[in-house]
Each structure stands twice: as C-alpha cells, then as structure tokens.
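Numbered from 1 within each chain, the chains take letters A, B, ... in sequence-line order. Predicted model, so just to flag it, every value in this text is computed and none were measured.
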Amino acid sequence: MTISQVRVRFAPSPTGWLHIGGLRTALYNYLFARRNGGTFVLRIEDTDQKRYVEGAEADILESLRWAGLEADEGPGSNGGYGPYRQSERSELYRRYAAQLVESGHAYYAFDTQEEIEAAREAVGETFKYDAITRNKMKNSLTLSEAEVQLRLSSGEPYVIRLMVPVGDTVAFEDMVRGKVRFEASEIDDQVLMKSDGLPTYHLANVVDDHEMGITHVIRGEEWLPSAPKHMLLYRAFGWTPPVMAHLPLIMSPAGGKLSKRKAEEQGIMVNVRDYIQNHYEAQALVNFLAFLGWNPGDERELFTLEELCEVFELDRVSKSGAVFNNDKLSWYNAHYLRARNPEELLPAARAELAKHGMEAGDDAFLAGAIGLLLERIETLAQLPEAGAFFFKAPEQYDEKAVKKAWKADTADLINTYLAEISGLGGAAFEAAALKAALMAVIEKAGVGMGKLMLPVRLAVTGVGGGPDLFQTMQLLGREEVLGRIGSAVQKLAD
RNA sequence: GCCGCGUUCGUCUAGGGGCCUAGGACGCCGCCCUUUCACGGCGGUAGCACGGGUUCGAAUCCCGUACGCGGUACCA
C-alpha cells in the first residue's frame, strides 16, 4: 500500500478575530503538511449564522498570510475540492444527512428547544438525548411513519439526530495521545442537521474531511470529547476516518484555557491582529508558538518557519497544556528584531511613534535612531519610550540620574565642553570628534570620564542610560545638542 | 455530577529502567565586558505531585489517590 498524499486542514469558524491558539493549530497543520510533502487546506466553518462576524474571515486570511502560513487550498484558491466555505456546501450536508436517515443511522426529531429544556429540568443536568431517552421524545422512532411524513410535509421544524448505537465502545489511536477510548453510552444523540437547515459542526466536519480527502485531523484538545462522535459518523457512512491528533491547549498563567478575558487580565494579547498592529516580528510569534507544545528533541530554540518545516514531527508534541509565557515571546521578538535592518523597520517605527504623537523625522534620521535603539528594545512598541529623546528634547530630567551625575563642579565642566564642541561645525560634529573633545576636557580638568560623560548624557537625553552618547549626539546634530546642553545647564544649576 | 485527558525547575521543556549528582531555554540573582543602559560572555537559583507495587535498580513500567484542564448545546 502506498502512503496516500497527506492532506490536512485548518478549519476556523469566522466568529471573531483569529486567536493565538488558532494560529498555533494552523501552524502545526502547516508544518505537518510541509514536512510530509502534503497539502494545507483552509476551510471556513461558518455554519452558525448567529455567531457569524463580518470581517472575521478576512482577518483569518490576513493573519495567516502575515505569519507566512498561506493555505495551498481555500477560499480564493481552489484546489479542486471546493467550495471551502461550509455555507456554500449546504446541499451536500443535506444529502448526506438524508442518507444517514435512510440507512437507519439517524432520525428526525421534532422536539422543540423548550421541550428539551423542560426534560432537562425534570431530570437535572444529567439529561441526555440518548439511547434511553429517545424513546420518550418526539421523533421518527416513536412517531408513526405517517405522522412523521405529515409533520415533515407540513413544514414543521425538525432536526436530524445521530442514532448512537447501544453498548458500543469507540476507541482510536491519537497521534499525540496514543489509544483513547469512550463508551458509546456516554455519547448523546448529536444533532446533525439543525432546524435552520444547516449542519452542526459534527456533520459538516466529518463530511468535509472525507470529501476533501483529509488524511490527518490536527486540532485542539477541546475537540477530543467530540472525536468519538465523529468516529461513529465515519462508521455510519462506511468511511475510513482520518488519523487524529489532538494538540494540548494553550493555558493562561492564571490557569485554564487562554480565553480573551483571562489573557487580558494577564496582559497577554490573544488576537493575532494585536501582534500585527503592535508590529511584532511574525517570525518570533511563529517560533514561540511552535515551541508551545512541541520541541525538536535537541537543545536548539531558534528556528525560522522554513527550518521548522524540516524538523517538525507530530510525535514530539507534548500531551499537557502549555502556559503562555509573555517573557519568552519578548525574548524571541527581541532576537528577530535585532536581525532586521533599520531601513526595513521604517514604516512600523513611524506607526509606533505616531501612536505617541511623536515626529519621526526623515528616513535617514529615523533609521539612525532605530539602529542605535534596536539592541535595547524587545518590541517596536517600546521604541517611543526607549528613544523618546531622539524625537523631542527632554522636558524634565530623571531624578535619580540627576542626583548621581550633577555635582557642584558640573556646570563648569560642562560649559567647558560646550565651548569646545561649539567649534565643531558641519561634518566635523561627529562621534569621534565629540569623544576626543570630551577626553581633552576631562584630562585637562584631571577628573574621571563619568564626571563629564554622565552630565552630558543627562543634558542631551534627560535620562541616565541609552545608546552610545557620541553617536546619539552626532545623530541629533549640532544645533539640537548645543541647545539641549545650554538649557540643561540653566535648569539644573542651583 | 458524569466522561475524557493530563501531571519533570516559577514558565516552556529534554528524558521512555542503570548514561540523572535530572540537561537546555525564558525569568530571576551575581560576576565580566563597558562612558551609561542594553547586547554578549561566564556562573548561580530552582523541579521528577503523593502513596503503593514490579525490579538488583524507577523521573522512566503498573495500580491508586490528589490536583489541574477539557467536554458535557439545534456553538464551533
């Protein structure tokens, strides 16, 4: 038997912005496909019109594209298995649901939601629409055939439910968890077709995975309890089920699934678009996410997407949930950020500065500032704060730095230096000359470097730390620097 | 409640009977480098949930307990 072409799918529901967990699921699918020379399919599961969010699909597409995970097949890029939106495949589900009814694996049910609610209240939370209760409900198993036909033809709302076999056991091999087993008696008669004529996830998912030739289903662990229902469906249709792989959940540092609310409480951004808008490095997010539940088995931590494609293995995915660690993400981001050319970062930097109402200056100036700042920021969002002095003169001076740097004899020293560098005009106002001037002044005064260096930094930047002082001064330019030192002397002289 | 899944440093994890005095990474702390802040380098801190087995030997295998998480919809 030849190994069939690997086909995997990422099947998000367009009910909101793409979640970080969704991106990881997409990533693992993508990596598995690439690693095995397979196909990565994107399928939009929009069968719940009540939860449909306008723009969500576009966000999913945009987020995947940003991360470099574009699908081989999906809406807009037909690969012969389309359409890839479930809302456009309704006819298919109807047909297959009818087939199941005919073969005796499913039945019509006319119970209203209120009636089910009532039954639930009568028995308590434990109520299940299953092998023992279905005989007491209003469905094609309890009603006469004529009655059923009458209700159907009169347009009475109905659902189609899966008839879960009695006393059966469903077991399957999960690629990350090993053997998993469930008793059929624990499974209730899933609704397959809703009264609005659309399928539920369970039916649509199974039908599409089969129709689209999906060989491996790689999805989050929250689907594990649904897997036996799907297995039952494959069995009812007489189809070979795909290989299952349920990924560990991404958890909040506070515990529990990383939901929007929990994430926000922990200062974690959950939507991919947040990372895009805050100008994170896509490569960093991808690398970080890849390691949330997987590792290559050696001690390397840094992988580009291409490198991940070469080493990713599903059997190295761990079983337990992984806590989202913002610090580690920042570390990855800092790493990839430093590898960038300042020129490439110009637009993103401008956007971040604009958020703070800062003027970025011309390209050459901004690129210079980015170059000096890159090593001391972890994300571009930190640029405005870390480099504020490049974009506006200090209005106040860091108190601790003042205390440390500004002494009784500072004004004299700094004025001497000021006079010295005033003489440097045009191109002569550059780092090496500025440094030489400072060395000359301290030597003549017989003091240490810090005596003058610190005050000058304070005067020019307003803070006690930052990039190389002389390069900073050169970039800022003569007029600006002389002005800043002058006003600092005025403001800080007692 | 019931069903399922899980449990190695604070976090991500390596490990799959002797290589483990449990390795790496992030974080944290210290030192070095340095005009400052970073980067970088070096070093340190800290962990096999618990109880029973099996075995000459268990982080590794088995059972139980505890705890955590997920699911339990005409949502995905």
Side-chain angles (χ1 to χ4, degrees), chain A residues 11-15 45-48 50-51 86 109 111-113 116-117 120 124-129 157-161 174 176-178 180-183 185-188 190-202 204-205 219-228 246 248-249 251 253 255-257 288 291-302 316 318-332 334 338 372-378 386 401 404-405 435 438-439 442 448-454 456-458 461 463-470:
Chain A
S13 184
T15 53
E45 308 224 325
D46 53 349
T47 54
D48 184 357
K50 288 189 283 298
R51 292 208 304 155
Q86 292 186 328
D111 318 272
T112 63
Q113 302 207 37
I116 291 174
E117 205 42 57
R120 187 160 285 144
E125 278 303 305
T126 56
F127 174 81
K128 279 201 323 245
Y129 203 121
Y158 67 91
V159 300
I160 294 178
R161 284 183 184 269
D174 186 282
V176 343
R177 269 148 232 289
V180 181
R181 63 189 320 137
F182 294 83
E183 295 305 321
S185 59
E186 296 296 335
I187 303 167
D188 51 4
Q190 286 307 301
V191 169
L192 266 19
M193 290 296 290
K194 299 180 281 188
S195 56
D196 63 4
L198 292 176
T200 57
Y201 169 84
H202 304 293
N205 171 263
R219 75 231 298 190
E221 194 190 349
E222 70 267 32
W223 294 112
L224 191 53
S226 298
H246 289 91
L249 259 21
M251 319 283 280
K257 192 157 74 160
F288 170 71
F291 274 72
L292 229 43
W294 171 88
N295 75 84
D298 54 35
E299 286 171 355
R300 293 174 298 165
E301 303 260 345
L302 269 5
R316 292 205 60 83
S318 45
K319 298 175 171 69
S320 48
V323 174
F324 189 101
N325 183 344
N326 243 339
D327 284 335
K328 186 107 179 214
L329 207 211
S330 292
W331 176 75
Y332 273 116
R338 278 178 223 126
L372 291 175
L373 258 11
L374 218 46
E375 262 183 7
R376 47 215 94 214
I377 57 173
E378 293 174 313
K404 190 177 168 198
K435 183 171 188 179
L438 185 132
M439 298 310 277
I442 61 164
M449 197 175 260
K451 268 302 219 184
L452 181 52
M453 176 93 58
L454 258 38
V456 174
R457 175 180 291 284
L458 186 64
T461 69
V463 291
D468 182 272
L469 178 58
F470 305 106

Sort and list the pairs that fulfil salt bridge (Lys or Arg N to Asp or Glu O under 4.0 Å) and have at least one residue in residues 320-331 of chain A, not counting sequence neighbours.
A:E301-A:K328
Applying ring-ring contact (aromatic ring centres under 6.0 Å, His included), name anything that partners A:Y201, two or more places apart in sequence or on another chain.
A:W223, A:H230
For A:Q86, what residues pass the side chain to side chain donor-acceptor pair (under 3.5 Å) criterion, not counting sequence neighbours?
A:E45, A:D208
Under the side-chain contact (heavy atoms from CB on, under 4.5 Å) test, residues paired with A:S318 that sit two or more places apart:
none
Determine, for nucleotides 40-49 of chain B in 5'-to-3' order, which nucleotides have protein heavy atoms under 4.0 Å from the base (write B), from only the sugar-phosphate (write S), or from neither (write -).
S---------
Considering residues at least two apart in sequence or located in another chain, which fulfil the side-chain contact (heavy atoms from CB on, under 4.5 Å) criterion with A:A386?
A:I377
Please enumerate all residues that pass ring-ring contact (aromatic ring centres under 6.0 Å, His included) together with A:F288, with sequence neighbours excluded.
A:F324
Going by ring-ring contact (aromatic ring centres under 6.0 Å, His included), name the residues that satisfy it together with A:Y158, two or more places apart in sequence or in a different chain.
A:Y108
What's touching nucleotides 69-73 of chain B from the protein side, N or O pairs under 3.5 Å?
unit_1	atom_1	unit_2	atom_2	d
B:G70	OP1	A:K257	N	3.0
B:G71	OP1	A:K257	NZ	3.1

Sorted by chain and residue number, the side-chain contact (heavy atoms from CB on, under 4.5 Å) partners of A:A322 (sequence neighbours excluded) come out as A:L292
In B/S/- notation (B base, S sugar-phosphate only, - none; protein heavy atoms under 4.0 Å), nucleotides 29-37 of chain B written 5' to 3' is ------BBB
How would nucleotides 8-21 of chain B be written as a contact map, 5' to 3', with B for base contact, S for sugar-phosphate-only contact and - for no contact, using protein heavy atoms under 4.0 Å?
---BBSSS------
